[in-house]
Amino acid sequence: MSLRLKPLHSLFVAEASGIDITRPLSDTEVRQINAAMNEYAVLVWRGQPLTGQQQIDFAKSFGPLDLGLKKVFKRKERLEDERLIDISNVDAEGNVARRDSPKNLSNFANQLWHSDSSFQDPRAAYSMLHALVLPSWGGNTEFADLRAAYDALPDRTKAEIEELRAEHYALHTRILLGDEAYTDEQKKTIPPAVWALVQTHPGSGRKLLFVGVHARQVIGWPTAESRMYLQDLLEHATQREFVYRHEWQVGDLVMWDNRSTLHRGRRYDIAERRELRRTTIENVPEARLMAA
Ligand code: OGA
Ligand code: MN
């Protein structure tokens, strides 16, 4: 069988089927999925009964796995394999996390528009999120197309940002959310990463506007001016017409390219369980990302 794609939005995102992602992928299948990711940037696989190990194996076909903020927090985790990121409001003991828990703080940070791990170098390439338990309302995940966002910029802005770079910092979103109790050691564990605002996506050759809430400073600009500018660009990039809203069903696996999209979770009742698991690929040269 080969990959089938059904577009879900006028600019990006397709529902993918025709490949069994619960079993080891052939080189041809990896190439087909990469080609689809280069074009659509977000792929939705419905009805996937993946175990944690199968999700890890699927992810590993595209490159080494990224642990993101686990390096800083070193918290007790519910899932045994550290390569599986527990995107849930469930604590290490298996209970719904307290309203003011660190777990929920991370979830609220995920409700700000971001690209996974853009605060570190290497940053993330693909992420894959698999839904296990869903709340009765809300909890959608939205995606924004940064290529379409770039294309729609006025020429004046395109020229202005051509050479600009922004600093992305891991704890910026936490601090925005009022959580500042980090030790100096934690603050130093992930030094800021610097990324050009305009990037060319290696798999598609398309230019894109690389912004997101981790970006806190335009290099060389005064702080207030640079924060307002980044805020403006982010607002541009996340206009409704560039956004796809994913309404989760149990068993969905959504994979996205963090180099060409932003995403954010949406509100739900945090007294209800919401459990998803994420795997993320590091954007390193040895990753198997480009289509042949
Ligand atoms: C993530 C993320 C948003 C959500 O898993 O990287 O940002 O809706 N998730 O849970
Ligand atoms: Mn995320």
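As the structure lists them, so they are numbered: ligands from 1, and atoms in each ligand from 1.
- Inclusion of Thr141 in the set of residues having an N or O under 3.5 Å from an N or O of ligand 1 is warranted.
- Ligand 1 has no nitrogen or oxygen under 3.5 angstrom from a nitrogen or oxygen of Trp256.
- For CZ of Arg78, the number of neighbouring non-hydrogen atoms (other residues, nucleotides, ligands) closer than 6.0 Å is greater than 12.
- The side-chain hydrogen bond (donor to acceptor under 3.5 Å, both in side chains) with Ser226 is formed by just one residue from the set Arg216, Gln217, Glu167; it is Gln217.
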With side-chain contact (heavy atoms from CB on, under 4.5 Å) as the criterion, how do Asp252 and Trp45 come out once you've worked through the C-alpha distance, each side chain's angles and the decisive distance to 0.1 Å? CA-CA 6 Å; Asp252 286 354; Trp45 308 79; over 6 Å; no

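- Protein heavy atom in closest approach to atom 1 (C) of ligand 1: Arg278 NE, 3.2 Å.
- No more than 12 heavy atoms of other residues, nucleotides or ligands sit less than 6.0 Å from atom CD of Glu163.
- Within the structure, the closest approach of Leu276 to ligand 1 does not fall below 4.0 Å when heavy atoms are considered.
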Atom pairs and distances, donor-acceptor, side-chain atoms in residues 233-240, under 3.5 Å, two or more places apart:
from	atom 1	to	atom 2	distance (Å)
His236	ND1	Gln239	NE2	3.2
His236	NE2	Ala149	O	2.7
Thr238	OG1	Leu234	O	2.8
Gln239	NE2	His236	O	2.9
Arg240	NH2	Glu142	OE1	3.3
Arg240	NH2	Glu142	OE2	3.2

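- For the Mn ion (ligand 2), protein N, O or S atoms under 2.8 Å: 3 in total.
- Taking only non-hydrogen atoms, the option from Arg274, Gln111, Glu275 nearest to atom 4 (C) of ligand 1 is Arg274.
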Under 3.5 Å, which donor-acceptor pairs do the side chains of residues 5-12 form with other protein atoms, sequence neighbours left out?
from	atom 1	to	atom 2	distance (Å)
His9	ND1	Leu11	N	2.9
His9	NE2	Val243	O	3.2

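- An N or O contact shorter than 3.5 Å links His114 to ligand 1 by distance.
- In this structure, the side chain of Glu29 does not engage the main chain of Ile19 through any donor-acceptor pair within 3.5 Å.
- A salt bridge (Lys or Arg N to Asp or Glu O under 4.0 Å) with Asp116 is found for exactly one of Arg278, Arg123, Arg259, Arg264, namely Arg278.
- Remark: Asp269 engages no residue in a side chain to side chain donor-acceptor pair (under 3.5 Å) (not counting sequence neighbours).
- The N/O atoms of His263, backbone and side chain alike, include one that comes under 3.5 Å of an N/O atom in ligand 1.
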